[in-house]
Structure formats: C-alpha cells, structure tokens
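Structure first, then comments.
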Amino acid sequence: SQTIHQWPATLVQPVGSPLSLECTVEGTSNPNLYWYRQAAGRGLQLLFYSVGIGQISSEVPQNLSASRPQDRQFILSSKKLLLSDSGFYLCAWSDQGLPYNEQFFGPGTRLTVL
Amino acid sequence: EDQVTQSPEALRLQEGESSSLNCSYTVSGLRGLFWYRQDPGKGPEFLFTLYSAGEEKEKERLKATLTKKESFLHITAPKPEDSATYLCAVQARGDYKLSFGAGTTVTVRA
C-alpha cells in the first residue's frame with residue numbers, strides 16, 4: 001500500500017530565515033505530487049504541483065518554491081520566510097494512471113513564523 | 001474560475017441525529033467531485049469520488065450524492081467519532097487541480 005510522509009511535523013521559524021519541508025511517497029511510481037497550504041478557517045490552497053522529476057507548476061506567485069529531485073520526493077522551500085507564510089502545509093499525491101484525480105494527503109507540517 | 005461553497009460552516013448534532021452537509025459548485029466541465037474528512041491537526045482523509053449527476057456513494061454512516069450544481073453528504077445516526085471537518089473539492093476536465101471549499105465542521109455530542 002501507498003504511504004506519504006512529511007517532515008518536520010511542526011516548525012517555528014523567525015522571519016527572514018530559510019525553509020525546507022520534505023515530502024516522500026512510498027509504494028507507487030511516477031505519482032503526481034502537490035503542495036497545499038491551509039490557513040485557519042479557509043480551504044486548501046494549491047501552491048505547486050508536479051507530474052515528474054524536475055517538472056514544477058506554480059499556482060500562486062509567492063515567496064515559496066518547490067523542487068522534485070527524485071520521483072517520489074517533493075520539497076517546499078523559501079529563502080526568506082514572511083509572517084504570512086505561517087500555516088498548515090500539506091503534501092498530496094495522485095496516481096497518474098487513474099482517470100480521476102483522487103488525491104491522498106500526508107499528515108502535514110504546522111509552520112509558525114515569528 | 002472554479003468555485004466551491006460549503007454550508008453550513010459548523011454543525012452541532014446530538015448522537016443519532018441525522019443531518020446533511022451541502023457543497024455547491026461551479027466548474028467548467030466537471031471531471032469529479034471529492035469528499036474528504038479532516039481531523040484537527042491532521043491531513044485530509046479521502047472519502048468519496050462522484051463522477052456524474054445522480055451518482056451516490058456510501059461508507060458506513062456517510063452517503064454522498066451529486067446533482068449538476070451541488071453535492072450532499074448525509075450523515076445517518078452519527079456517533080461522536082464522526083466529529084470532524086468535511087471538505088468538498090471539484091476537478092475540472094483537463095485540469096490536475098482540485099478546488100476546495102472551506103469545509104463544514106461537524107460536532108457530534110454523546
């Protein structure tokens with residue numbers, strides 16, 4: 001069966017510091033990968049998605065970037081964090097071989113920028 | 001732009017008191033409508049995919065239905081463990097993206 005991991009689970013960072021969040025998927029090959037942010041009381045906002053190694057699409061221009069160095073690894077980064085980057089970050093995967101895009105989420109990373 | 005509106009924002013139920021959650025959507029050609037359950041501090045858990053109007057899916061005390069403009073999630077005889085936020089999302093044809101609603105937070109009291 002497939003498993004998705006995210007780390008760290010929680011992170012407290014000062015404004016202006018760098019960020020690196022990691023997501024890995026087990027038990028599947030060539031998945032679609034996604035990064036979402038969830039603000040309190042709001043829906044999930046898609047930040048980035050990837051259909052393959054090195055292929056990244058950005059949905060929202062902002063202070064963040066994403067990379068996919070390996071087939072099942074997805075990284076979310078920032079060079080300098082802003083207060084507005086605080087939130088709950090979720091990684092998700094879907095099977096490229098299926099006609100419908102059910103997405104399966106990881107446990108999330110709670111980021112607080114102070 | 002795809003839009004998803006969920007109502008009510010919050011729902012408080014007594015154990016055994018059945019109710020329904022609403023998800024209204026506008027999308028340029030629906031590929032799929034998805035329901036998720038999210039517990040506090042955790043990632044969303046996939047529940048159902050609905051593909052076409054008239055379709056119904058069931059899982060334990062949950063039943064999801066779909067029309068051309070909205071979907072309902074019916075909770076029959078809920079238990080306290082059904083307490084969670086329920087999220088609805090839509091996918092348009094030719095798009096990878098899911099557009100999510102803000103969710104309905106359900107609290108079931110014993």
Side-chain angles (χ1 to χ4, degrees), chain A residues 1-11 21 23 25 30-52 55-60 74 87-112, chain B residues 1-11 21-27 29-52 55 57 59 64 66 71 84-105:
Chain A
S1 64
Q2 300 84 7
T3 308
I4 180 168
H5 303 279
Q6 287 186 245
W7 63 89
T10 60
L11 191 60
L21 303 181
C23 169
V25 181
N30 197 27
N32 294 325
L33 295 173
Y34 310 83
W35 279 113
Y36 288 87
R37 178 169 57 203
Q38 187 176 34
R42 299 181 64 181
L44 277 70
Q45 179 188 37
L46 179 64
L47 303 175
F48 302 95
Y49 71 89
S50 171
V51 299
Q55 301 178 63
I56 309 294
S57 295
S58 174
E59 286 292 312
V60 182
F74 206 21
F88 192 46
Y89 288 83
L90 291 157
C91 180
W93 73 275
S94 66
D95 189 336
Q96 288 200 25
L98 294 179
Y100 299 99
N101 196 25
E102 290 94 350
Q103 295 182 15
F104 302 94
F105 287 84
T109 294
R110 174 73 60 188
L111 172 66
T112 303
Chain B
E1 184 177 329
D2 304 338
Q3 287 193 322
V4 181
T5 303
Q6 293 188 245
S7 61
E9 291 185 10
L11 189 60
L21 285 57
N22 178 264
C23 171
S24 298
Y25 65 90
T26 55
V27 63
L30 181 70
R31 186 177 187 187
L33 184 141
F34 307 86
W35 282 99
Y36 289 84
R37 170 194 169 122
Q38 186 175 24
D39 293 312
K42 297 189 177 181
E45 174 191 347
F46 172 76
L47 293 173
F48 304 110
T49 305
L50 300 167
Y51 308 127
S52 58
E55 189 175 7
K57 293 275 181 75
K59 180 180 181 179
L66 180 65
S71 176
T85 296
Y86 292 87
L87 301 172
C88 172
V90 297
Q91 182 188 9
R93 290 197 192 99
D95 197 352
Y96 286 102
K97 183 174 64 178
L98 297 187
S99 298
F100 280 84
T104 295
T105 299

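It should be emphasised that the depicted structure is a prediction, and the values quoted were computed from it without experimental measurement. The chains referred to below are lettered A, B, ... by the order of the sequence lines, with proteins before strands, and numbering in each begins at 1.
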> Hey, are the side chains of B:Glu45 and A:Phe104 touching, using non-hydrogen atoms and a 4.5 Å cut-off?
Replying inline: no
> Just wondering, are more than 12 heavy atoms of other shown residues or ligands nearer than 6.0 Å to NZ in B:Lys42?
Replying inline: no
> Once you round to the nearest 0.5 Å, how far does CD of B:Gln38 lie from CZ of A:Phe88?
Replying inline: 6.5 Å
> Can you name the closest pair of heavy atoms from A:Leu90 and B:Gly43 and give their distance?
Replying inline: CD2-CA, 3.6 Å
> Are any of the side-chain heavy atoms of B:Phe48 and A:Glu102 separated by less than 4.5 Å?
Replying inline: no
> Below 6.0 angstrom between ring centroids: does that apply to B:Tyr96 and A:Tyr34?
Replying inline: no
> What part of A:Gln38 gets closer than 4.5 Å to chain B, counting heavy atoms only: side chain, backbone, both or neither?
Replying inline: side chain
>> Measuring only between side-chain heavy atoms, which start at C-beta, is A:Phe105 closer than 4.5 Å to B:Tyr36?
In response: yes
> Considering only heavy atoms, which portion of B:Gln6 lies under 4.5 Å from any heavy atom of chain A: side chain, backbone, both, or neither?
Replying inline: neither
>> Could you check whether atom CD of B:Gln3 has more than 12 heavy atoms from other residues, nucleotides or ligands sitting under 6.0 Å from it?
In response: no
>> Any heavy-atom pair between the side chains of B:Leu87 and A:Leu44 that's under 4.5 Å?
In response: yes
> Could you give the distance from OH (A:Tyr49) to NZ (B:Lys97), rounded to the nearest 0.5 Å?
Replying inline: 8.5 Å
> Between B:Phe100 and A:Leu46, is any pair of side-chain heavy atoms under 4.5 Å apart?
Replying inline: no
>> Would you say that more than 12 heavy atoms from the other residues, nucleotides or ligands in this model lie under 6.0 Å from the CD of A:Gln55, or not?
In response: yes
